[in-house]
Amino acid sequence: MSAPVYRIGMLGGGTVGGGVYELLRIKQRTLPVVATAASTTAAATAAAAAAVVVVSKICVRDLTKPRDFDIDTATTALTTDPMELLSPDIDCVVEVAGGCDVAKDVVLKALELGKTVVTANKALLFEHMSTIEHVATGGAASAGGGKPQLGYEAAVCGGIPIVDVLTTGYAGDTIQSVAGICNGTTNYMLSAMAKDPSVQYADVLREAQDLGYAEADPTADVEGHDVRAKIAILAKLAFGVTVPMDKIPCTGISQITSIDFAAAKANHRCTIKLIGTAARGSTTTTVGSNPSGVCVYVTPTLVPLTNQLANVHGCGNCVTVTSKNMGQCTYAGPGAGRYPTANSIVADIYRAAAHALPTVAFPIPNSCLGSDLTVVDDYVACFFIRIPCQTPVSFAALGAIAEECGLALASIEEQDGSQLTLTTSSSSSRSAVDKFCKDVQEKLDFVTGSPLFMPILSVDEE
Ligand SMILES: NC(=O)c1ccc[n+]([C@@H]2O[C@H](COP(=O)([O-])OP(=O)(O)OC[C@H]3O[C@@H](n4cnc5c(N)ncnc54)[C@H](OP(=O)(O)O)[C@@H]3O)[C@@H](O)[C@H]2O)c1
């Protein structure tokens, strides 16, 4: 008797799709689906143990485009019709096309039909989280009687299994915060600027584009939108909250200059990293003292050189989870790339085939069951502020505006005659700093451009 086949229909045959195909077909061709105790019956377990995974359809935009992976035409058909992926013989739809148009239609329809869906698409998960959650929960029973399953390990931090860690590893714990570097492109750029003060933002962006790290339109990466989607997904897993886009303060790296790196190093022994943070309020975190508040934000951050995050270079990703029982645990590795990302997809496929994915799309953590967490969009930190200026500068005028905004300034330094760098007290709110920056630009003649501000990661958070 030949082994049962677990059939994959894949939307997308590009960087990640090609990697998934290679890992499944070439490198792990003979590996059976692993059965687990989650399989419901002995027969299902036996069948699963013997099943072979086959990618039977790949849907792409352009059939004539050369592919950089070999396709076995005896088992795999290429198509341009995404609806073919929804046919009854497909057990699992893998979405590696990206975007929120066709990908959204296919993902939602597949879930409605009770199929398993595995996706790498953080933008889709973030922008349509409530709909996806609703459809995944209410989807039809699949042909085999199971509910639809959704896997999205590859959507956050590529190859780092942070989704699985948050879904299963903290069942008996209470997470306080999840924070880290979740975008390889911007980390590559910031690492290059930190290493060589002569490297300017525009130069390193061009270099990242030439190397294929940054898209032709780099907005999603450099303005922090990619990190925003990822940290919102992690916030959902850590705290059970769906955070809308307009509640996530998001600043990218496009205003960072070599002056910022120099001041960060000389005055604070810090480097600069783009950090996504999701934190629960308490007396010891940056969200403030409201224990039922959760704040999610993305911002370039001054990170002490002694912190692990400061030592993540190039395209690497690194996420620190702070929890009651474990203190701090850090998960680091490749945040993108063909095989790391494909590895996460393949892990989800195997979990799905063994019915080992969670039964709901975004499980609520045990520690948050019955709690009423609310999303707040302000947080407290010590801030670094840089103000472009010309002489003469009035420190008294700056101080007066700071006072009006309820800010205490801890230090003011002049940088090469055309910039001021300020540090606030550690109890400053983001909203007060934002107001201060807007007010000084509007009211003070010696301010010549838009001020920039960033929180400084405190030693407590290390
Ligand atoms: N690349 C990474 O390192 C990485 C890491 C983590 C997550 N991801 C996510 O993975 C997804 C895929 O990324 P990628 O880098 O593999 O992208 P990619 O190389 O551009 O590949 C996209 C694939 O999707 C196909 N496609 C796009 N729109 C389609 C449509 N309307 N109908 C049919 N096929 C369509 C394209 O077909 P053609 O080839 O014919 O144009 C292509 O094969 C994205 O959501 C991305 O955010 C990527």
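Both counts, for ligands and for their atoms, begin at 1 and track the order of listing. Index from 1, following the sequence.
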Looking only at heavy atoms, is any part of [X] under 4.0 Å from ligand 1, and if so is it the side chain, the backbone, or both, or is it neither?
X	answer
Asp62	both
Arg61	both
Pro82	neither
Val102	side chain

Could you check [atom] against the protein and tell me its nearest heavy-atom contact, residue, atom and distance included?
atom	result
atom 25 (C) of ligand 1	Gly12 CA, 3.8 Å
atom 48 (C) of ligand 1	Val16 CG2, 3.5 Å
atom 41 (O) of ligand 1	Lys65 NZ, 2.9 Å
atom 10 (O) of ligand 1	Ala120 CB, 3.4 Å
atom 6 (C) of ligand 1	Thr341 CG2, 3.4 Å
atom 15 (O) of ligand 1	Thr15 CB, 3.6 Å
atom 3 (O) of ligand 1	Gly337 N, 2.8 Å
atom 12 (C) of ligand 1	Val96 O, 3.2 Å

Answer yes or no: is there an ion pair linking [X] with [Y], defined by an N-O contact shorter than 4.0 Å?
X	Y	answer
Arg338	Asp68	yes
Lys236	Glu133	yes
Arg25	Asp72	yes
Arg206	Asp210	no
Arg351	Glu153	yes

Min heavy-atom dist [X] to ligand 1 below 4.0 Å:
X	value
Lys122	yes
Arg67	yes
Gly158	no

**Request:** Take the angle between the ring planes of Tyr21 and Phe69 and call it parallel below 30°, perpendicular above 60°, tilted in between.
**Result:** tilted
**Asked** Do protein heavy atoms approach atom 20 (O) of ligand 1 to less than 4.0 Å?
**Response** no
**Asked** With a 4.0 Å cut-off, strictly under, does atom 45 (O) of ligand 1 pick up any protein heavy atom?
**Response** yes
**Prompt:** What about Arg338: any of its N or O atoms under 3.5 Å from an N or O on ligand 1?
**Reply:** no
**Message:** Under 3.5 Å between any N/O of Leu11 and any N/O of ligand 1: does that happen in this structure?
**Reply:** no
Taking only heavy atoms of [X] into account, list the atoms of ligand 1 that are under 4.0 Å away from them.
X	value
Asn121	45 (O)
Ala97	22 (C), 24 (O), 26 (N), 27 (C)
Gly13	23 (C), 42 (C), 43 (O)
Cys59	33 (C), 34 (N)
Ala336	3 (O)
Ala154	6 (C), 7 (C)

Distance only, no hydrogens: is a donor on one side chain within 3.5 Å (strictly under) of an acceptor on the other, for [X] and [Y]?
X	Y	value
Thr320	Gln328	no
Thr299	Thr301	no
Gln255	Tyr201	no

**Request:** Evaluate the criterion ring-ring contact (aromatic ring centres under 6.0 Å, His included) for residue pair Phe362 and Tyr152; output intermediate values, then yes/no.
**Result:** CA-CA 10 Å; Phe362 302 99; Tyr152 47 90; 5.1 Å; yes
**Prompt:** When you look at Tyr379 and Tyr297, which way does the ring-ring contact (aromatic ring centres under 6.0 Å, His included) test go after all the steps?
**Reply:** CA-CA 9 Å; Tyr379 60 91; Tyr297 54 97; 3.5 Å; yes
**Message:** Under the criterion side-chain hydrogen bond (donor to acceptor under 3.5 Å, both in side chains), I'd like the reasoning laid out for Asp196 against Ser198: C-alpha separation, chi angles, the key distance, then a yes or no.
**Reply:** CA-CA 5 Å; Asp196 181 352; Ser198 70; 2.8 Å; yes
**Request:** Answer yes or no: is there a side-chain heavy-atom contact under 4.5 Å between Ser177 and Arg280?
**Result:** no
**Prompt:** Is the CG atom of Asp101 crowded by more than 12 outside heavy atoms at less than 6.0 Å?
**Reply:** no
With a 3.5 Å cut-off and sequence neighbours excluded, list the donor-acceptor pairs that the side chains of residues 157-173 form with protein atoms.
{"residue": "Thr167", "atom": "OG1", "partner": "Val163", "partner atom": "O", "Å": "2.5"}
{"residue": "Thr168", "atom": "OG1", "partner": "Asp164", "partner atom": "O", "Å": "2.8"}
{"residue": "Tyr170", "atom": "OH", "partner": "Tyr331", "partner atom": "OH", "Å": "2.8"}
{"residue": "Asp173", "atom": "OD1", "partner": "Lys324", "partner atom": "N", "Å": "3.3"}
{"residue": "Asp173", "atom": "OD1", "partner": "Asn325", "partner atom": "N", "Å": "2.8"}
{"residue": "Asp173", "atom": "OD1", "partner": "Asn325", "partner atom": "ND2", "Å": "3.4"}
{"residue": "Asp173", "atom": "OD2", "partner": "Ser323", "partner atom": "OG", "Å": "2.6"}

